[in-house]
Protein chains: 2
Amino acid sequence: MTDLFPEKGHDHGRCIDSALRQAEDVAEANNARFTDMRRRVFTLIWQSHKAITAYELLDSLQAEGVRAQPPTVYRALEFLVGLGLIHRIESLNAYFGCDMPHHEHLGQYFICRNCGRVAEAVNDDMSSAVHAAARAVGFRIEATTIEIKGLCHDCATH
Amino acid sequence: MTDLFPEKGHDHGRCIDSALRQAEDVAEANNARFTDMRRRVFTLIWQSHKAITAYELLDSLQAEGVRAQPPTVYRALEFLVGLGLIHRIESLNAYFGCDMPHHEHLGQYFICRNCGRVAEAVNDDMSSAVHAAARAVGFRIEATTIEIKGLCHDCATH
DNA sequence: GACGAAATGATATAATATAACACTTGAAGA
DNA sequence: TCTTCAAGTGTTATATTATATCATTTCGTC
């Protein structure tokens, strides 16, 4: 069994660096400006593998000395979600970083209620089940939300 | 192809009646009180096959002359969701009636962005894909949210 | 009828999100 | 280089969604 969630002692700096690099690539490929504000918000989101709310981001920005207001944060979030660099977790009203922003994907989010971490998975069986179900009823899919709450392997066994 | 969504000219009164009867059964089976307030809220939710927000419900109640406040509505919603009589659609912050409250099910919601209707489906392939994916990563599922947005067959073809 | 638990009423406020308009910045052409 | 204009950000106000808290009422059980 491979745990989707990052190992306890992993080098998180590398996660952040890699995410930033990928984000810059994607932004460039889309002719989109990865401004300072957007980079700050993106980096804050990547500070952990948990989902973070807009107002938590706002507090962090203000703690850093940035004079930000809610619209600033929501705009950055909108931009990042639009490029697929982060995902919104509907059931938490929170955001978290995507580690595969390069390709379109129908992601599923596993959310641990104990440690708060989120892991994204891409599962072909699930994707095809969704598409087959939609096809069977003549529904034209534009967006899907699949969020699974419970206990991650670490929290379920310790 | 069978459309999940109700036919245009269907007798909606029968939907409501049947839903009410089922809800009463479920409440009784759970030794739960289906009070007047809860019945009102439940009936309002069943007025359409769309999802309705808490504050829309509040407005409707007040229009009916009931002196209700937000907590009243949220309590009724909590009760109804708890018994599985209604479902919350996370991506809409709204609620809609379940037509199979008798059995546990991992439901999927198809949401039409054009007409606003919601249809619930239960799909074994999808359920088993979710469970298989969770098993593969040692995740213990407690709740799942599957919401699919797009165009229903009617709206996609007309 | 008295009691206690459950439900509801009422007030206040927290948490999440957006509208509207002003100002700044930066890329692209003149 | 200067101008211009669209995109981005700042700022203020407010809309929308949700809950905490305590008082009162209702209802089944004794």
Side-chain angles (χ1 to χ4, degrees), chain A residues 23-24 26-45 50-62 64-83 85-96 116 145 147, chain B residues 23-24 26-45 50-62 64-83 85-96 116 145 147:
Chain A
E24 276 159 3
V26 170
E28 178 156 9
N30 285 273
N31 253 314
R33 285 161 59 195
F34 201 59
T35 62
D36 185 55
M37 193 71 222
R38 290 165 177 173
R39 178 190 313 270
R40 277 175 193 282
V41 170
F42 182 81
T43 305
L44 284 171
I45 291 171
K50 303 181 186 180
I52 184 169
T53 70
Y55 279 78
E56 286 168 349
L57 287 167
L58 183 57
D59 288 346
S60 296
L61 285 172
Q62 290 174 341
E64 284 180 357
V66 180
R67 279 167 59 100
Q69 296 299 321
T72 301
V73 174
Y74 280 102
R75 285 167 186 153
L77 291 170
E78 184 182 19
F79 171 86
L80 296 168
V81 168
L83 280 187
L85 301 175
I86 63 171
H87 297 295
R88 174 178 165 86
I89 306 295
E90 297 291 349
S91 59
L92 299 178
N93 297 331
Y95 301 82
F96 103 114
T145 299
E147 299 172 5
Chain B
E24 276 158 3
V26 170
E28 178 156 10
N30 285 273
N31 253 313
R33 285 162 57 195
F34 202 59
T35 62
D36 185 54
M37 193 69 227
R38 290 165 177 173
R39 177 189 315 271
R40 276 176 193 282
V41 170
F42 182 81
T43 305
L44 284 172
I45 290 172
K50 303 180 187 180
I52 184 170
T53 69
Y55 278 79
E56 287 169 351
L57 288 166
L58 183 56
D59 288 347
S60 296
L61 285 172
Q62 290 174 341
E64 284 180 357
V66 180
R67 280 166 59 98
Q69 296 299 321
T72 303
V73 175
Y74 281 102
R75 284 166 184 153
L77 291 170
E78 183 181 19
F79 171 87
L80 297 168
V81 168
L83 281 187
L85 300 175
I86 62 172
H87 297 296
R88 175 178 165 85
I89 306 294
E90 298 290 348
S91 59
L92 299 177
N93 297 331
Y95 300 82
F96 103 113
T145 300
E147 299 171 6

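Small disclaimer: the values here were computed from a predicted structure and weren't measured. Every chain is numbered from 1, with letters handed out A, B, ... down the list of sequences.
Judged purely by atom type and a 3.5 angstrom limit, A/E24 has no side-chain atom pairing as donor or acceptor with the backbone of A/F34.
Among the atoms of the strands shown, base atoms are found under 4.0 Å from some heavy atom of A/R75. Residue B/R33 is classed as a sugar-phosphate contact, given heavy-atom separations below 4.0 Å to backbone atoms only.
Look at B/R67 and you won't find any side-chain N or O under 4.0 angstrom from OP1 or OP2 of C/dG9. Proximity of A/R88 to the phosphate of C/dA17: a side-chain N or O atom is located under 4.0 Å from OP1 or OP2. Contact annotation: A/N93 reaches the phosphate of C/dA17 (side-chain N/O to OP1 or OP2, under 4.0 Å). Distances shorter than 4.0 Å separate none of the side-chain N or O atoms of A/T53 from OP1 or OP2 on C/dA15. Contact annotation: A/T72 side-chain N/O to D/dG10 OP1/OP2 distance is under 4.0 Å.
Remark: ring of A/Y55 stacked against base of C/dT16; centroid gap under 5.5 Å, plane tilt under 30°.
Of the candidate nucleotides D/dT9, D/dA18, C/dA17, D/dA18 has the atom nearest to the side chain of B/A54. Each of C/dT16, D/dA18, C/dA7 was ranked by its minimum atom distance to the side chain of A/Y74; first place goes to C/dT16. The side chain of B/P70 has D/dT19 as its nearest neighbour among C/dA10, C/dT18, D/dT19. Comparing atom distances between the A/M37 side chain and each of D/dG10, C/dG9, C/dT16 picks out D/dG10 as nearest.
Rounding to whole angstrom units, CG of residue A/N31 and C1' of C/dA28 are separated by 13 Å. Computed from coordinates, the B/I89 CD1 to D/dT17 P distance equals 15 Å when rounded to whole Å. Rounded to an integer number of Å, the gap from B/D36 CG to D/dT25 C1' is 14 Å. What separates CD of A/E78 from P of D/dT9 is a distance of 12 Å, to the nearest Å. Between A/E56 atom CD and C/dA14 atom C1' the separation is 14 Å, expressed in whole Å. Taking atom CG on B/L77 and atom P on D/dT19, their separation rounds to 10 Å, with Å as the unit. Following rounding to the nearest Å, B/L80 (CG) and C/dA7 (P) show an atom-to-atom distance of 12 Å. Spacing between atom CD1 of A/I52 and atom P of C/dT16 amounts to 11 Å, rounded to whole angstrom units.
Side chains of B/T145 and B/E90: a donor-acceptor N/O pair is absent below 3.5 angstrom, by distance only.
Residues B/E147 and B/L92 are not in side-chain contact: their nearest non-hydrogen atoms beyond the backbone lie 4.5 Å or more apart. Residues B/M37 and B/L61 have side chains in contact (heavy-atom distance under 4.5 Å, counting atoms from C-beta outward). Within the 4.5 Å cutoff, the side chain of B/T72 has no heavy atoms near those of the B/V41 side chain.
Residues B/P71 and B/L92 each lie close to DNA chain D; by heavy-atom proximity, the contact nearer the 5' end of the strand is made by B/L92.
Nearest heavy atoms, A/A68 versus A/Q62: O-NE2, 2.9 Å.
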